[in-house]
Amino acid sequence: MIVTEIKVKDYRNAAERTITLAPERNAFVGANARGKTNLLEAVYFSGVGKSFRTPRDRELIKNDKDRAFISVTAEKDTGRETVRIVIDRAVNKCVAINDLPISRMSELMGVCPVVLFCPDGLKIVKDAPADRRRFMDISLCQISKAYFSALSQYDKILTSRNKLLKSGGANDNTLAPWDELLADVGAKIVKSRRGFVKSLVPIAAQYQEYLSDGREKLDLEYEGESGDTVEIIKAELLKRFTADKESDLRLKYTHSGPHKDDIGISVDGIDLRAFGSQGQQRTAALAMKLAELKLLTNVLGTSPVLLLDDVFSELDGVRRKKLLAALDGFQSIITATDDTDFEGFDINVVRI
């Protein structure tokens with residue numbers, strides 16, 4: 001997939017802008033606060049239906065306007081796809097694909113796949129498990145509409161179970177149907193995540209070796225209920241809910257399940273989440289993102305666009321060149337304050 005054109009109107013600080021992209025490396029270059037990241041955010045929004053900077057869509061509308069517009073056009077083997085989004089202050093956002101409005105956000109998943117790496121990307125290594133779960137979920141939602149639906153369903157069931165626990169009316173009988181539903185949907189999520197991480201491991205290890213000049217061996221492991229089939233995982237989840245029931249009733253929330261799972265990240269046997277240096281963490285995060293890009297390409301049969309927001313300022317000169325070389329064959333959009341880092345590479349520079 002190649003994104004050919006980005007259009008925005010009354011979006012963030014942009015009154016109206018149209019940008020044409022090259023098939024491989026692109027750079028949005030300009031001073032800080034000029035709107036480089038805003039344009040990157042618009043492409044991301046067209047891929048997953050939300051911003052990576054705020055959960056409130058209305059913050060994306062230009063201050064003195066009632067609505068904002070995003071249009072992203074991509075060329076694929078199956079033809080041209082255009083995602084158009086209207087964000088309105090008064091009503092919910094409206095999304096259309098090739099001018100046909102969609103009724104469910106799951107229909108957007110995989111139309112314009114994206115992989116994002118930004119300064120917050122280090123969170124997938126050094127911060128809370130929620131950031132690593134989000135990493136898995138965003139990728140898997142773009143791969144599978146069924147996963148997107150299961151995740152949405154799980155969140156609703158979990159919310160209902162927690163409300164019951166907080167109401168004071170929870171007991172073995174009232175919790176049993178919620179436990180069954182949570183285990184049934186949760187097992188599908190765990191199986192998908194475990195398969196995703198297993199597929200990611202060899203690719204991420206290769207990128208870590210490449211970025212570290214062969215000095216570091218990266219390993220990833222999904223940390224959740226065990227089992228190779230949905231049936232076995234469901235049985236294990238039900239056992240865990242039973243074991244945790246006393247603490248759930250006492251503290252009034254659900255202690256276990258996929259919403260508590262994690263990814264173990266280690267280099268040469270050292271847990272990077274707790275003990276890695278910043279350099280090791282940064283390299284591992286980048287290796288995981290490049291592996292995500294390659295894995296999605298393999299699974300989807302088309303390459304996502306890689307969005308690199310202010311990443312070069314976090315890397316030394318050697319790793320910058322290695323990263324640029326690794327982007328051969330993929331489309332990328334990079335934000336930067338100057339273009340001196342791109343010398344020696346064919347890159348489409350857009351002044352912002």
Side-chain angles (χ1 to χ4, degrees), residues 1 47-48 105-106 108-111 113-117 121 123-125 128-155 157-158 181-209 217-241 256-267 271-273 284-304 306 330:
M1 180 198 78
V48 301
M105 290 305 295
S106 61
L108 180 63
M109 298 300 110
V111 173
V114 295
V115 171
L116 169 73
F117 190 68
K123 288 181 178 180
I124 63 173
V125 176
D131 294 293
R132 290 179 283 280
R133 291 193 296 271
R134 191 176 302 112
F135 163 69
M136 292 185 284
D137 290 343
I138 290 172
S139 289
L140 283 165
C141 283
Q142 294 185 90
I143 290 171
S144 167
K145 291 177 173 60
Y147 184 86
F148 181 94
S149 298
L151 194 64
S152 299
Q153 189 180 3
Y154 183 88
D155 288 342
I157 297 166
L158 179 63
L181 286 170
L182 206 62
D184 185 55
V185 180
K188 298 170 186 173
I189 291 170
V190 170
K191 187 174 187 302
S192 294
R193 286 179 178 172
R194 190 180 299 283
F196 173 78
V197 173
K198 184 178 180 180
S199 298
L200 202 69
V201 168
I203 309 172
Q206 288 177 354
Y207 277 119
Q208 184 82 15
E209 183 178 11
K217 179 176 173 54
L218 176 68
D219 192 27
L220 310 173
E221 183 178 7
Y222 184 70
E223 297 178 348
E225 295 304 327
S226 60
D228 295 325
T229 67
V230 168
E231 292 74 21
I232 293 173
I233 298 168
K234 178 180 177 179
E236 292 299 316
L237 283 170
L238 285 170
K239 288 179 188 176
R240 183 64 62 110
F241 294 154
S256 54
H259 61 289
K260 293 290 185 179
D261 291 352
D262 200 354
I263 304 176
I265 305 173
S266 62
V267 163
D271 189 342
L272 286 190
R273 295 170 299 182
L286 186 54
M288 289 170 68
K289 281 295 179 177
L290 290 171
E292 179 190 9
L293 177 69
K294 193 166 185 178
L295 179 58
L296 262 63
T297 300
N298 294 342
V299 174
L300 294 172
T302 188
S303 58
L306 177 63
F330 298 104

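Predicted model only: the values in this text are computed from it and were never measured.
- E236 is not listed as a side-chain neighbour of V190, based on a closest heavy-atom distance of 4.5 Å or more.
- The shortest heavy-atom contact between T297 and P304 is OG1-CD, 3.3 Å.
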Should L296 and S139 be marked as a side-chain contact (heavy atoms from CB on, under 4.5 Å) after you check the CA-CA gap, both sets of side-chain angles, and the distance that decides it? CA-CA 8 Å; L296 262 63; S139 289; 4.0 Å; yes
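- Taking every heavy atom of both residues into account, S256 and F241 meet most closely at O-CE2, 3.3 Å.
- Summarising the geometry, atom CG belonging to L272 is positioned 11.0 Å from atom CD1 belonging to I124; distances are rounded to the nearest 0.5 Å.
- Listed here is the closest heavy atom pair of I232 and S226: CG2-O, 4.3 Å.
- Checked for salt-bridge contact, D137 and R134 miss the test: no charged N lies under 4.0 Å from a carboxylate O.
- Rounding to the nearest 0.5 angstrom, the gap separating the CG atom in L293 from the CG atom in L306 is 5.5 Å.
- Formation of a donor-acceptor pair under 3.5 Å by the S106 side chain with backbone atoms of S149 is not found in this model.
- R193 places a side-chain N or O within donor-acceptor distance of the main-chain N or O of P258, the cut-off being under 3.5 Å.
- Distance CG/L108 to CD/Q142: 8.5 Å, rounded to 0.5 Å.
- When every heavy atom of K191 is checked against every heavy atom of V230, the shortest pair comes out as CD-CG2, 3.5 Å.
- Of the charged side-chain nitrogens involved, none lies within less than 4.0 Å of a carboxylate oxygen, so that R132 and E223 do not count as a salt-bridged pair.
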Given side-chain contact (heavy atoms from CB on, under 4.5 Å), test I265 with M288 step by step and report yes or no. CA-CA 10 Å; I265 305 173; M288 289 170 68; 3.8 Å; yes
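- Taking 4.0 Å as the cut-off between side-chain N and carboxylate O, K234 and E231 do not count as a salt-bridged pair.
- The shortest heavy-atom contact between G227 and R194 is O-NE, 3.9 Å.
- A donor-acceptor pair is defined here as one N or O able to donate and one able to accept, closer than 3.5 Å; no such pair exists between the side chain of K217 and the backbone of A205.
- Here the CG-CG distance, from D184 to L238, works out to 9.0 Å after rounding to the nearest 0.5 Å.
- Using a distance-only test at 3.5 Å, with no hydrogens or angles considered, a donor-acceptor pair links the side chain of K145 to the main chain of M109.
- In this structure, the side chains of K294 and Y207 come closer than 4.5 Å at one or more pairs of heavy atoms.
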Working note: F135 + K123, criterion side-chain contact (heavy atoms from CB on, under 4.5 Å); need CA distance, chi angles, decisive distance, verdict. CA-CA 10 Å; F135 163 69; K123 288 181 178 180; over 6 Å; no
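- Note that the CG atom of D262 and the CG atom of D131 stand 10.0 Å from one another [nearest 0.5 Å].
- The minimum heavy-atom distance between A287 and A204, with the atom names listed, is CB-O, 3.7 Å.
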Applying side-chain contact (heavy atoms from CB on, under 4.5 Å), run through L295 and F196 and close with a yes or a no. CA-CA 9 Å; L295 179 58; F196 173 78; 3.6 Å; yes
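- Using a 4.5 Å heavy-atom cutoff, the side chains of L182 and L237 are not in contact.
- Interatomic distance, CD of E225 versus CG of D261, reported as 7.0 Å (0.5 Å rounding).
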